[in-house]
Structures are given as C-alpha cells and as structure tokens.
Amino acid sequence: MRIGTGYDVHRLAESRELILGGVKIPYEKGLLGHSDADVLVHAIMDALLGAAALGDIGKHFPDTDGTYKGISSLELLKRVKKLLDDKLYLIENIDATIIAQKPKLAGYIPEMIKNIASVLEISEDQVNIKATTEEGLGFTGEGLGMAAQAVCLIESMMNYQVDVTPADGSGNCGSCEGCPRR
C-alpha cells in the first residue's frame, strides 16, 4: 500500500472559466494557468504520481510545452491513470479538499466526483471531495486564488492473488499463452 499527497494553487483572474473537477462553475473569475488550471484535478494528479514515485505533474506535463496549453486537466488525469496502469497500480481511494472563499461549491461536488471517478475508472465511493473557506484569511480568503490538497492510497496489483481455476475444475482455463495449466 502506498500513500501520496498533492497540493496545488492558482491565482483567480478575469476572462477565465472556473473549472474544478472538470465542472464549469459560473463565477466572475477563473483560475489562471497553462492548462485549464483545474486546481482540484492537479492536486489529485500530484497525489497519485507521488504515491507511485513517478514525480509530479510538472515533470510529465511541463507548462513550457505548448501541447498542454489550454488542455483539459481531465485529459491529463487520463494520462496519469495510464502511467499508474503501466506500473500495475490500483487506486484504493482519493480524498481531496478545495480551499476557496467563493463561490459556494457544495452543489457541484457530486458532478466533480462523478467526473474524476469516471476518468480513473473507479467507483464514485472511492472519491471524496470537500470544500472549505479560510474565513477571509490569506490569499484564498481574500479571493485572490484557490488551492486544493489531496491524499490517495494506491496498491500494487502484484499484492493481489487471483484464482484463475476454471469453474469446471479442470485446472486448465486455456487463456494464457505459455501457462503450464494450458
């Protein structure tokens, strides 16, 4: 079992859409960044990459690469999922917190959970998202930006034992090339 944490912050700016968890939220400002600046998804990606000891999002998706300009963070999350799949990791759960003074986010959280779970091909009950304010303190409290933090638990598929004995009891499922049971 491996644990990862992630943290991200973006400045609020005029003439940008506010996208959190892949949900476009009506608000007078959006988050400034090279991609869509989805601070929630960025924190989740960093948590997953950290748990797998694969670096961070800056390593995989640098803001100096024009390929990622304006890209949906959910698309980047799909790529992180592929990196985990390649290393045979399963996601056990994700817990994340959005830190923002405004707007109120509670009504959008179920859709954020649905989007993230769908991209990662996990159950919605494996994703928890919360939102909090900082009571007017700091840059988030003053409405200058938003932050998010995430923690995740992943597990190597190598830690799972799978019984592939056929239902007929023959001991030969015949599906794996080179298997001595074949």
Q. Shared ILVMFWY cluster between L54 and F61, side chains joined below 4.5 angstrom?
A. yes

Q. Do M45 and H60 touch side chain to side chain, with heavy atoms closer than 4.5 Å?
A. no

**Q.** Which atom of A47 lies closest to which atom of G6, heavy atoms considered
**A.** CB-N, 3.6 Å

Q: With sequence neighbours excluded, give me every salt bridge (charged side-chain N to carboxylate O under 4.0 Å, His left out) pair touching residues 65-78.
A: E75-K78, E75-R79

Q.
Let's go through M112 and I25 carefully: what are the C-alpha distance in whole Å and the side-chain angles of both, what is the deciding distance for side chain to side chain contact (heavy atoms under 4.5 Å, CB included) to 0.1 Å, and is it a yes or a no?
A. CA-CA 11 Å; M112 293 178 201; I25 298 169; 3.8 Å; yes

Q.
Quick check for you: to the nearest 0.5 Å, what is the distance between N115 atom CG and L77 atom CG?
A. 10.0 Å

Q. Tell me the salt bridge (charged side-chain N to carboxylate O under 4.0 Å, His left out) pairs involving residues 119-128, sequence neighbours left out?
A. K81-E121

Q. How long is the gap from CD1 on I122 to CD1 on I91, to the nearest 0.5 Å?
A. 5.0 Å

(Q) Please tell me whether V80 and V151 are part of a single hydrophobic cluster in this structure, the criterion being side-chain heavy atoms less than 4.5 Å apart. (A) no

Atom pairs and distances, donor-acceptor, side-chain atoms in residues 11-22, under 3.5 Å, two or more places apart:
residue	atom	partner	partner atom	Å
R16	NE	L31	O	2.9
R16	NH1	G33	O	3.4
R16	NH2	L31	O	3.1
R16	NH2	G33	O	3.3
R16	NH2	S35	O	3.0
E17	OE2	K24	NZ	3.0

Q | Contact list for residues 32-47, test salt bridge (charged side-chain N to carboxylate O under 4.0 Å, His left out), sequence neighbours left out | A | none

**Q.** Joint hydrophobic cluster, V9 plus I99, side-chain heavy atoms closer than 4.5 Å
**A.** no

Q: Report the C-alpha distance between L76 and V41 in whole Å, list the side-chain angles of each, state the deciding distance to 0.1 Å, and finish with yes or no for side chain to side chain contact (heavy atoms under 4.5 Å, CB included).
A: CA-CA 9 Å; L76 298 178; V41 174; over 6 Å; no

Q. Between A147 and F139, which heavy-atom pair has the shortest distance, and what is it?
A. CB-CZ, 4.4 Å

Q: Go through the structure and list residues passing side-chain contact (heavy atoms from CB on, under 4.5 Å) with E142, not counting sequence neighbours.
A: L144

Q | Q101 side chain vs G136 backbone, donor-acceptor pair below 3.5 Å | A | yes

Q. Once you round to the nearest 0.5 Å, how far does CG of D8 lie from CD1 of I98?
A. 12.0 Å

Q.
For the backbone of I154 and the side chain of R2, can you confirm whether one donor and one acceptor N or O come within less than 3.5 Å of each other?
A. no

Q) Looking only at heavy atoms, what is the nearest atom pair of P62 and Y68, with distance? A) O-CD1, 3.6 Å

Q | From CD1 (I57) to CG (L48), nearest 0.5 Å | A | 11.5 Å

Q: Provide the closest heavy-atom pair for E92 versus Q126 in the form atom of the first, atom of the second, distance.
A: O-NE2, 3.0 Å

Q: Using the salt bridge (charged side-chain N to carboxylate O under 4.0 Å, His left out) rule, collect all pairs that involve residues 93-115, keeping only residues at least two apart or in two chains.
A: D95-K130

Q.
Rounded to the nearest 0.5 Å, what separates atom SG in C152 from atom CG in N93?
A. 8.0 Å

Q | Nearest non-hydrogen partners of P110 and A106, listed with the distance | A | CD-O, 3.6 Å

Q | Nearest heavy atoms of H42 and A37, plus distance in Å | A | CE1-CA, 3.9 Å

**Q.** Cluster overlap L84 with L74, hydrophobic side-chain contacts below 4.5 Å
**A.** yes

Q | Separation between CG of L105 and OG1 of T132, rounded to the nearest 0.5 Å | A | 10.5 Å

Q: Spell out, yes or no, whether V23 and I44 are grouped together once hydrophobic residues are joined by side-chain heavy atoms under 4.5 Å, including indirect joins.
A: yes

